Enquirer: 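First the structure, then my questions, so here it is.
Only this structure's heavy atoms are used, side chains among them; waters, hydrogens and symmetry mates stay out. The model shown is predicted, which means the values in this text are computed figures rather than measured ones.
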Amino acid sequence: ACSTFSQKSCEECLKNVSCLWCYTNNTCMDYPLRSILPSSSLCSLSNARWGVCWINFEALIIALAVVAGLILVSITVCCCYCCYCRRRSRSRLDEEEEQLARKREERRLQSLQRKHERKLKHDEIRKKYGLLQDSDNPYSRFENE
């Protein structure tokens with residue numbers, strides 16, 4: 001079916017997706033499905049057209065390879081960057097967590113110290129007014145005067 005478009009135009013030939021146009025002898029032929037690239041005996045890559053007439057097969061292959069390479073490089077860079085950022089953020093989170101734990105411990109110690117000071121003050125006041133029971137005999141009776 002593709003050979004019927006030979007000696008016509010490239011655009012008419014490439015309307016059918018399974019056709020390949022060769023500019024060396026202006027022929028339209030079936031695309032060789034068994035091989036990925038058409039052989040040079042069929043048509044040289046610089047003169048072969050497939051899909052569109054304005055770009056040759058050689059340039060099409062190079063362009064696709066460049067695009068695929070750029071995609072692979074960008075994916076690799078993104079993965080490396082993400083791994084680096086995670087490690088960096090983990091270390092930063094560990095530092096912040098350690099700092100918070102230190103501050104929490106300091107607050108707890110200050111609270112215990114204030115609690116001890118309050119207890120001493122209250123004991124002094126109880127002692128002053130005679131409300132402090134002897135630690136020797138905690139069951140002694142409270143006497144009013």
Enquirer: According to salt bridge (Lys or Arg N to Asp or Glu O under 4.0 Å), who are the partners of E96, at least two apart in sequence or on a separate chain?
Expert: none

Enquirer: Please find the pair of heavy atoms, one from L42 and one from C22, that lie closest to each other, and give the distance.
Expert: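 For L42 versus C22, the nearest heavy atoms are O-SG, 4.5 Å.
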
Enquirer: Can a salt bridge be assigned to the pair K127 and E124 using a cut-off of 4.0 Å between side-chain N and carboxylate O?
Expert: no

Enquirer: Please round to the nearest 0.5 Å and tell me the distance separating atom CD1 of I62 and atom CZ of F57.
Expert: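 I62 CD1 to F57 CZ: 12.0 Å, rounded to 0.5 Å.
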
Enquirer: Tell me the closest heavy-atom pair linking T27 and N25, and the distance in Å.
Expert: OG1-OD1, 2.9 Å

Enquirer: With a 4.5 Å cut-off on side-chain heavy-atom distances among I, L, V, M, F, W and Y, is there a chain of contacts connecting Y31 to F5?
Expert: no

Enquirer: Going only through I, L, V, M, F, W and Y residues with side-chain contacts under 4.5 Å, is there a path from I75 to V67?
Expert: yes

Enquirer: Say you draw a straight line from CG of N26 to OG of S9; how long is it, rounded to the nearest 0.5 Å?
Expert: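 So the gap between those two atoms works out to 10.0 Å.
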
Enquirer: Is there a path of hydrophobic side-chain contacts, each under 4.5 Å between heavy atoms, that joins I61 and W21?
Expert: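 Shared cluster, no.
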
Enquirer: Same hydrophobic cluster for L45 and Y23, using side-chain heavy-atom links shorter than 4.5 Å among ILVMFWY?
Expert: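 No; Y23 is not reachable from L45 via cluster members.
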
Enquirer: As an exercise, state the distance from CD of E117 to NE2 of H122, rounded to the nearest 0.5 Å.
Expert: 12.0 Å

Enquirer: What pair of heavy atoms forms the shortest contact from W50 to V17, and how long is it?
Expert: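 Taking W50 first and V17 second, the nearest heavy atoms are NE1-O, 3.0 Å.
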
Enquirer: Show the nearest heavy-atom pair for residues C19 and C13, with the distance to one decimal.
Expert: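 Minimum heavy-atom contact is CB-O, 3.4 Å.
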
Enquirer: Taking only residues two or more places apart in sequence or in another chain, which ones pass side chain to side chain contact (heavy atoms under 4.5 Å, CB included) with L120?
Expert: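 L120: side chain to side chain contact (heavy atoms under 4.5 Å, CB included) contacts with H116.
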
Enquirer: Within this structure, what is the CG-CG distance for the pair D123 and L131, rounded to the nearest 0.5 Å?
Expert: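 Here the interatomic distance stands at 11.0 Å.
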
Enquirer: To the nearest 0.5 angstrom, please state how far the CE atom of M29 sits from the SG atom of C43.
Expert: 5.5 Å

Enquirer: Which atom pair, heavy atoms only, marks the closest approach of R49 to L20?
Expert: O-CD1, 3.2 Å

